[in-house]
Amino acid sequence: MTTPYPFTALVGQDDLRLALLLNAVSPAVGGVLVRGEKGTAKSTAVRALSALLPQVPVVAGCRFSCDPAAPDPACPDGPHHVAGASVRDARMVELPVGASEDRLVGALDIERALAEGVKAFEPGLLADAHRGILYVDEVNLLHDHLVDLLLDAAAMGASYVEREGVSVRHAARFLLVGTMNPEEGELRPQLLDRFGLTVEVAASRETDQRVEVVRRRLAYDDDAEGFAARWADEESAVRARIVAARALLPQVRLGDGALRQIAATCAAFEVDGMRADIVMARTATALAAWAGREDVLAEDVRQAALLALPHRRRRNPFDAPGLDEDKLDDTLEQASDNDQGDDDPDPDGPGGGGKPPESGPDTPDTPGSPESQGEAGQEGEAGQGDEAGQQDEASPAQAPAAGGGEQQPVRAAEPFRTKMLSVPGLGEGAAGRRSRARTEHGRTTGARRPQGALTKLHLAATVQAAAPHQRARGRSGRGLVVRRDDLRQATREGREGNLVLFVVDASGSMAARQRMSAVKGAVLSLLLDAYQRRDKVGLVTFRGADAEVALPPTSSVDAAAARLESLPTGGRTPVAAGLLRAHEVLRVERLRDPARRPLVVVVTDGRATGGVEPVAQAGRAARLFGAAGIASVVVDCESGPVRLGLAGQLAGELGGTAVTLDELRAESIAGLVKDVQGTRTRSVA
């Protein structure tokens, strides 16, 4: 067995270590989500923590690790007798990204259940992790249905398996730790909220600290056991401190003053629901126990807020997690002052301060305060920006020429809700929420013989296949005689995620400030829709004489939004170059992920001006997509009294459809791609 890297030998990453230790002291905190770039010791820290956890007493022979002091009365291996007890190390169980639902929650022996009528249950990873650590590396890449099962079990402390008429329930209380690289995509906000704490980690920029990291890692790689032995005393001290903090935890007092600070902080930062308040209370209590105190102090509340609130303040995937520490300090101080005022028997007397705090000169809402001046300044800037945009659009003298130089990037307009664009037909790609597909989860549409391991039994079809052979098989008892050939796999239809490739015109004809702002707002809205539907996204831009891949296909929608925000405009309109570059991106991506179907969204006014015979070249490039049957939509950005309709012609060459910006916002466009596909099919017939 490999010797784990010592927890106390980690260099830096103070917040990460503290968050993990607090959960070791009080698992009720709710786990840790560790966000950070690759190579920042996320996995190393989690694996090192398991060696610090105290040993676990278990009922001998129980596959579900029941506690001898309080065995689970509903344990599938019960009832238990306390006489048989043993002690083992706390486990750290890893959940692979590609794990199946059966591997996570456990699987039933279908043949024994049908033939003998017994609940033959094989425990899964949730049972293995009971009273230990469940570690999910790259949790943002885990399938949604697995994340739902995982977090439900973490919240309820139990796992429920309900399938094929068999019901099994067992305890599943564990320390949940997930790690992720935000560049590869984000978790949904409601799933973020289920993690108690979150920590942002990054590699140190200090030379001495980086040198020490390399020195220790090389020493560990050369002699892992010897390196661990040199840190044994520090490890023992931390382990003893965890045990002492656990013992002290029930005695820690969370006073009304601390509770008011917690409530005021959550209200000030406008977090949704009450989970944040509860997590902050538990975290502050664990912090006091870790410090060896029986009272929660303001410093505990402040640290709890820094760990529990940043990921709960996000309203959409384009918001960066974080917390304004100055605002936090002001909120805590104001809540403390209010609490002291409440304790005064005469609030209007000399010590009470009769004037309400909100009318004081230093409050954020007071005219003349820095906060209100900042807001007023922002409003003024926004108004000037709108006026400038209108002038750019209205004045031909100020509008850039088609062949003009590069223009400064403009901010995107406010995103809006779009209707669904879908790919026609029935796919078999990764689970998502956009296009119809054959999936492991969804409504049952039929049955077939299993190809490989049976994962989803179609009970009725199995019984129907086995029933005619019962007399020939010599059936004499109650059980149905089932053979392997009788088993039938359920076929299910759900939704898949697609590759949404944006091909965005950034030429001079798109450069009017108000117009480009609206275009960016529309693309941002489609990106938000792609995030919600669990798509991969890519971004190709074209202007001047060529096109470039601004963002290769990725699950990180916020990365696409960042590239879009900084997109400059200007120059000619090489539509053909943009389409050819997009076609090459799809070709390469098809080799990497052949099951994921693409949807191309071209955002342009269609006025091709780059190269020789630009319109004809654009038509030839577009016909490549139509010939390959690639679903496409053209968002027509043409405006003004004179419209050439070139975007609509381009959509016809692509074999797709065209919608205007207004239609994208206001009218239903679900099924437009299907309609075009149907039209093409009828014309071929």
Side-chain angles (χ1 to χ4, degrees), residues 14-35 151 154-157 173 175-178 187 189-201 242 245-246 248-315 319-340 342:
D14 294 338
D15 287 343
L16 171 58
R17 290 189 292 169
L18 177 61
L20 291 172
L21 290 170
L22 292 177
N23 275 272
V25 171
S26 176
V29 166
V32 186
L33 176 64
V34 186
R35 299 163 43 93
L151 295 179
M156 295 185 295
R173 293 184 297 275
L175 168 56
L176 177 63
V177 181
L187 280 174
Q190 61 268 39
L191 300 185
L192 279 172
D193 186 53
R194 299 296 287 272
F195 282 94
L197 309 179
T198 186
V199 177
E200 295 281 338
V201 296
I242 292 174
R246 283 186 173 185
L248 180 61
L249 187 64
Q251 304 171 31
V252 175
R253 294 182 296 271
L254 184 65
D256 288 344
L259 278 174
R260 286 182 178 275
Q261 288 182 320
I262 291 171
T265 301
C266 293
F269 285 98
E270 300 179 349
V271 296
D272 295 331
M274 295 298 299
R275 184 175 283 120
D277 303 64
I278 296 171
V279 170
M280 275 189 64
R282 290 172 174 167
T283 305
T285 303
L287 281 162
W290 178 248
R293 290 184 271 99
E294 294 186 0
D295 292 294
V296 174
L297 304 180
E299 62 194 61
D300 300 323
V301 176
R302 185 182 192 279
Q303 184 63 56
L306 293 174
L307 294 172
L309 295 188
H311 61 301
R312 292 185 166 89
R313 298 194 62 243
R314 304 187 71 188
R315 292 297 182 266
D319 293 338
L323 213 62
D324 185 341
E325 295 194 28
D326 291 336
K327 180 178 178 180
L328 174 61
D329 292 335
D330 292 342
T331 301
L332 293 175
E333 183 178 355
Q334 190 174 35
S336 178
D337 292 342
N338 289 343
D339 185 57
Q340 293 174 4
D342 291 343

### Summary
Closest heavy-atom pair, Ile262 versus Ala281, reported as atoms and distance to 0.1 Å, is CD1-CA, 3.6 Å
### Message
side-chain contact (heavy atoms from CB on, under 4.5 Å) for Cys266 and Leu309? Distances and angles first, verdict last.
### Response
CA-CA 8 Å; Cys266 293; Leu309 295 188; 4.1 Å; yes
### Query
Are the side chain of Arg253 and the backbone N or O of Gly255 linked by a donor-acceptor pair below 3.5 Å?
no
### Task
Run the numbers on Asp15 and Glu200 for side-chain contact (heavy atoms from CB on, under 4.5 Å), then give the verdict.
CA-CA 8 Å; Asp15 287 343; Glu200 295 281 338; over 6 Å; no
#### Entry: Spacing of Arg302 atom CZ and Thr331 atom OG1 [to the nearest 0.5 Å]
11.0 Å
### Query
Are any side-chain N or O atoms of Lys327 and backbone N or O atoms of Phe269, one a donor and one an acceptor, separated by less than 3.5 Å?
no
### Backbone of Ala308 reached by a side-chain donor or acceptor of Arg312 within 3.5 Å
yes
### Message
For the CG atom of Leu249 and the CD atom of Glu294, what is their distance to the nearest 0.5 Å?
### Response
11.5 Å
### Message
Can a donor-acceptor pair be found, under 3.5 Å and without considering hydrogens, that links the side chain of Arg246 to the backbone of Ala24?
### Response
yes
### Between CG on residue Asp300 and CD on residue Gln303, distance to nearest 0.5 Å
9.0 Å
### Query
Would a distance-only check, ignoring hydrogens and angles, find a side-chain to backbone donor-acceptor pair under 3.5 Å from Asn23 to Leu20?
no
#### Entry: Heavy-atom donor-acceptor pair, His311 side chain to Phe195 backbone, under 3.5 Å
yes
### Task
Check for a donor-acceptor pair, side chain of Thr198 on one end and backbone N or O of Leu33 on the other, with a separation under 3.5 Å.
yes
#### Entry: Heavy-atom closest contact (Val279 atom, Gly196 atom, distance)
CG1-O, 3.3 Å
### Check: Leu332 main-chain N/O paired with Ser336 side-chain donor or acceptor under 3.5 Å
no
### Atom pair CG/CE of Leu287 and Met280 - distance to nearest 0.5 Å
10.0 Å
